[in-house]
Structures are given as structure tokens and as C-alpha cells.
Amino acid sequence: LDEGYEKTNKMFDEMLPTLAKGDDWLGDQFFQYQGFWLPSIFVKGSMLIHQRFKPRPTDIILSSSPKCGTTWLRALIFAIINRNSYDFDENHPLLKSNPRDLVPFLEGLIHEGGSASFLESLPSPRFLSSHLPFSLFPNSMTSSSSASACRFVYISRNPKDVFVSMWHFMNKLRAREGLPPLSLDDAFDLFRNGVSLYGPFWDHVLGFWKASLESPNKVLFLKYEDVKREPSVHVRKLAEFLDLPFSAEEENGGIVEKIVKLCSFENLSNLDVNKIVKEEKTRRHFVSNPDFFRKGQVGDWINHLTPEMVEVLDQITKEKFQGIGLKF
Ligand code: A3P
């Protein structure tokens with residue numbers, strides 16, 4: 001361990017006991033850090049990013065609340081950036097690896113001894129992903145006046161679908177750990193009160209929405225529902241935002257459609273690599289590639305939520321988003 005790690009570890013150890021605690025849906029605790037509910041490991045991750053991550057203006061950070069379509073956007077952006085390096089029909093890395101394994105996860109990777117240097121060693125432009133709220137990144141990454149301000153792509157989603165997706169996902173992890181399922185009611189009480197992974201969900205979305213209004217060339221704000229409805233339009237939008245627009249020749253060759261098809265739910269979820277349950281221990285929990293593919297649809301909440309739940313979530317969403325022009 002070098003000095004930077006030691007200093008952060010000490011600060012972290014002193015601060016953690018002072019933070020409020022909340023149910024993490026998985027039999028353990030979240031900590032409320034600067035307004036957001038995080039597992040302790042990501043509190044430390046955020047601190048380490050401030051302490052030791054060296055941002056570059058060419059960095060691309062895919063940001064999201066969990067269950068908003070992170071896997072999909074990882075695939076789309078990876079395919080766009082690397083479109084000249086691989087054949088789409090065979091040997092494409094997305095046919096052999098889960099998108100998670102192709103995009104380094106910032107607050108997870110910054111921890112282990114050598115990985116800050118791994119992040120350093122990546123060639124530009126680096127494509128990284130993160131679930132941290134906008135306000136938990138250092139100014140060097142977010143301030144438009146910073147010479148190292150990064151580009152952020154944010155994927156958001158209808159809160160009702162996020163909640164349903166999260167509930168299913170957490171219960172898969174609970175089953176694997178031998179825990180009884182968390183009831184929809186109990187999960188709902190936590191979610192509506194903001195106690196969810198990287199929650200409150202609404203505040204997470206708001207941070208990036210405001211940032212995208214202030215710095216549209218640095219923060220691209222997308223909605224799952226929009227990408228689902230018009231994937232090609234959004235693939236072009238992503239490529240332009242990343243300063244990698246498609247040439248006329250590429251357009252004529254049908255590259256946009258190839259990327260959309262490669263990254264579609266139907267294609268990715270049916271690949272062996274994403275179908276086979278191979279349990280890997282990430283920190284405490286067992287996650288497996290198939291956990292990241294469930295239905296991939298808009299509006300599945302209708303099959304799960306009671307009218308009262310719908311009213312509550314719609315009301316919160318209205319209160320939080322209406323004044324600032326955001327709708328789901
Ligand atoms: P559902 O549970 O509603 O099906 P994340 O990747 O942020 O964890 O989000 C997971 C959600 O995105 C799940 O939603 C999952 O099915 C969906 N998803 C995964 N891959 C997708 C893809 N290629 N296209 C559309 N949705 C996808």
C-alpha cells in the first residue's frame with residue numbers, strides 16, 4: 001500500500017462509523033454518504049477517485065443508476081468506439097464477453113493495489129463506467145472549466161421499471177446467498193424513501209439532468225425508453241457526442257444497424273456467455289451474467305405494482321422532476 005491509499009483508508013475508517021446506516025436489500029447495510037446510499041466499498045471508491053484518479057479530457061464515463069440499462073449502453077458505446085477493430089459477425093468481443101467485462105468499473109477498480117496503475121495504463125480515449133452520482137465526482141472531472149473535464153453519458157429510466165428490475169435482481173442475489181426473498185412491499189418502502197443502491201434514485205437522475213442542461217457537450221442524458229424506441233437515432237447521437245460520427249461510407253455499409261443488432265437484448269441475452277450461470281464472487285455477492293438480462297422491455301411495472309404503488313411513485317416523480325422539465 002502506498003501513501004495515498006493509507007491516507008484515504010484512515011480517513012475512511014474514521015468517517016464510516018459517523019454515517020447513517022440503511023438496509024441494503026441484501027442482508028447488510030448501506031451508508032449515507034453526501035446524500036446517497038452506498039455500500040461501504042463504494043464510499044471508499046468515491047474517496048479514492050478524489051484521491052488518486054487522474055482524469056483525462058478524453059475520458060468517457062458511462063454513468064447510471066443500477067438497472068437503467070447500463071449493460072446495454074456498455075455494449076453500444078463499446079461497439080461504437082471499437083467499430084474499426086473487430087468484425088461484427090465473428091470474433092467480436094461482445095459475442096464472447098459480458099459487456100461488464102469489457103468496460104472497467106471505476107469505483108470498483110480503483111481499490112486493489114495495482115489497479116490505479118491499470119487505469120493509468122489504459123490508452124486514450126478510456127471508456128469507463130460508474131454508478132456514482134454526479135456530485136460525488138471530483139471537480140477535476142465535472143467542472144466545465146477544468147482542463148481534465150470528462151465526458152459523461154447518462155442513461156436514465158422510468159422509476160417504476162427501475163424499481164421492478166431492481167427488486168427482481170436483488171432477489172436473485174438473495175436466493176444465491178440463501179436469504180429469503182425480499183417482499184415487494186418491503187422493497188417498495190425502501191425504494192420510495194430513497195434507500196436503494198446509489199439512491200435516492202430521483203436525486204441521482206436530477207444531478208445528471210442538471211449537469212446535462214448546463215454542459216450539453218460534456219453530459220449526454222439519455223432515457224432507456226427513447227433508446228428502445230429509436231435505437232439507430234441514439235447510436236448516431238452517441239457517436240456524434242463522442243466526436244466519432246459515422247462517415248457516409250459507414251452509413252451506406254449499414255454500420256448503425258449492425259451495432260443496434262449486435263447490442264440488442266435478443267442478441268446479447270441469447271449468447272452462451274450471457275446464458276450460462278457461472279458464479280463469480282464480486283465482493284460479498286454472487287452475480288452471474290444472466291442476472292443482467294431479464295425482460296428488457298418498457299412498462300413491465302404494470303405486471304407487478306399495485307395502483308397505490310403506482311400513485312406513490314408517480315407523485316414523487318412529479319414532485320421531483322416537473323419543475324425542471326423532466327418526464328418519464
Ligand atoms: P429488466 O429487469 O426490466 O428486464 P443494468 O444493465 O443497468 O443492470 O439494467 C438491467 C436492465 O436492462 C434489465 O431490465 C435488463 O433486462 C435490461 N437490459 C439488459 N440488456 C439489455 C439490452 N441489450 N437491451 C435492452 N435492455 C437490456
Side-chain angles (χ1 to χ4, degrees), residues 56-64 68-104 122-130 144 149-158 208-209 211-213 215-271 273-274 292-293 295-299 326-328:
R56 302 176 197 161
T58 46
D59 285 341
I60 300 159
I61 316 287
L62 169 63
S63 291
S64 61
C68 286
T70 319
T71 309
W72 191 15
L73 267 291
R74 278 175 174 150
L76 286 171
I77 296 172
F78 182 91
I80 292 169
I81 298 177
N82 297 296
R83 64 187 187 259
N84 295 319
S85 308
Y86 306 107
D87 190 328
F88 277 71
D89 304 314
E90 46 188 315
N91 279 331
H92 197 287
L94 282 164
L95 298 172
K96 292 173 296 183
S97 307
N98 183 274
R100 242 171 353 123
D101 295 326
L102 299 173
V103 189
L122 294 171
S124 300
R126 293 185 294 192
F127 173 34
L128 308 168
S129 86
S130 170
S144 49
C150 307
R151 258 181 296 211
F152 291 86
V153 174
Y154 187 71
I155 179 78
S156 65
R157 192 179 187 188
N158 184 306
F208 282 92
W209 174 246
S212 75
L213 297 178
S215 315
N217 56 340
K218 287 288 179 191
V219 183
L220 178 66
F221 185 98
L222 302 174
K223 293 180 187 165
Y224 182 95
E225 295 75 20
D226 294 345
V227 184
K228 194 86 194 169
R229 194 174 54 245
E230 295 181 313
S232 307
V233 169
H234 288 86
V235 164
R236 290 191 185 94
K237 198 183 260 193
L238 277 164
E240 270 159 37
F241 176 74
L242 299 175
D243 279 338
L244 300 165
F246 296 104
S247 65
E249 201 183 317
E250 285 181 312
E251 284 281 358
N252 291 337
I255 188 134
V256 175
E257 290 70 28
K258 280 185 201 164
I259 291 174
V260 167
K261 195 170 157 215
L262 174 68
C263 301
S264 68
F265 181 85
E266 291 65 32
N267 187 51
L268 293 185
S269 64
N270 281 307
L271 297 171
V273 64
N274 293 324
F292 293 86
F293 302 92
K295 279 199 166 174
Q297 288 171 7
V298 171
L326 188 54
K327 247 190 171 162
F328 282 92

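Just so it is clear, the values below take in all heavy atoms, side chains as well, and ignore hydrogens, waters and symmetry mates.
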Looking only at non-hydrogen atoms, find the nearest pair between N98 and F293 and report the distance. ND2-CE1, 3.6 Å
Does A149 offer a backbone N or O that forms a donor-acceptor pair with the side chain of K218 under 3.5 Å? yes
Set of residues satisfying side-chain contact (heavy atoms from CB on, under 4.5 Å) with respect to R229, sequence neighbours excluded: D226
Worked verdict on E251 versus R236 for side-chain contact (heavy atoms from CB on, under 4.5 Å): CA-CA 10 Å; E251 284 281 358; R236 290 191 185 94; 2.7 Å; yes
How long is the straight-line distance from CG of D89 back to CG of L95, given to the nearest 0.5 Å? 8.5 Å
So, does S64 use its side chain to make a donor-acceptor pair with the main chain of S156 at under 3.5 Å? no
If every non-hydrogen atom of P231 is compared with every non-hydrogen atom of V260, which pair is closest and at what distance? CB-CG1, 3.7 Å
Note: P245 and E250 closest approach over all heavy atoms is O-OE1, 4.0 Å
I need the full list of ring pair (Phe, Tyr, Trp, His ring centres under 6.0 Å) pairs touching residues 227-246, with sequence neighbours left out, sorted by first then second residue. none
Taking all atoms of both residues into account, what is the closest heavy-atom pair of P99 and R74, and its distance? CB-CB, 3.8 Å
Given 3.5 Å as the limit, does a donor-acceptor pair link the side chain of D59 with the main chain of R56, or not? yes
Of the non-hydrogen atoms in I61 and C150, which two are nearest, and what is the gap between them? CG1-CB, 4.0 Å
Are any non-hydrogen side-chain atoms of T71 and N274 less than 4.5 angstrom apart? no
Going by heavy atoms in the side chains, are L326 and K223 under 4.5 Å from each other? yes
Please step through side-chain contact (heavy atoms from CB on, under 4.5 Å) for the pair L242 and I77, ending with a clear verdict. CA-CA 9 Å; L242 299 175; I77 296 172; 4.0 Å; yes
Nearest 0.5 Å please: distance from the CG atom of L76 over to the SG atom of C263. 4.5 Å
Kindly compute the distance separating CG (L94) from CG (L102), expressed to the nearest 0.5 Å. 5.5 Å
Beyond-backbone contact of V103 with L62, side-chain heavy atoms, under 4.5 angstrom: no
Evaluate side-chain contact (heavy atoms from CB on, under 4.5 Å) for L262 paired with F78, printing each intermediate quantity in order. CA-CA 11 Å; L262 174 68; F78 182 91; over 6 Å; no
Can you find a heavy atom in the side chain of D101 that is under 4.5 Å from one in the side chain of V273? no
Under a 4.5 Å cut-off applied to non-hydrogen side-chain atoms, are Y224 and V298 in contact? yes
Do any N or O atoms from the side chain of E225 and from the backbone of N158 form a donor-acceptor pair under 3.5 angstrom? yes
Crowded around K96 NZ? As in, over 12 foreign heavy atoms under 6.0 Å? yes
Taking the side chain as C-beta and beyond, is there a heavy-atom pair between N267 and K261 under 4.5 Å? no
Kindly indicate whether the side chain of P93, heavy atoms from C-beta on, has any atom under 4.5 Å from the side chain of Y86. yes
Between atom CD1 of I81 and atom CZ of R126, what is the distance when rounded to the nearest 0.5 Å? 12.5 Å
Please check if atom NZ in K228 has more than 12 non-hydrogen atoms from other residues, nucleotides or ligands closer than 6.0 Å. yes
Measure the shortest side-chain to side-chain distance between K237 and V153 over non-hydrogen atoms and say whether it is less than 4.5 angstrom. no
Rounded to the nearest 0.5 Å, how far apart are CG of L222 and CH2 of W72? 10.0 Å
Tell me, with the steps shown, if I259 and F88 meet side-chain contact (heavy atoms from CB on, under 4.5 Å). CA-CA 8 Å; I259 291 174; F88 277 71; 3.5 Å; yes
In terms of the angle between their ring planes, are F208 and Y154 parallel, tilted or perpendicular, with boundaries placed at 30° and 60°? parallel
Looking at CG of L220 and OG of S215, how far apart are the two atoms once the value is rounded to the nearest 0.5 Å? 12.5 Å
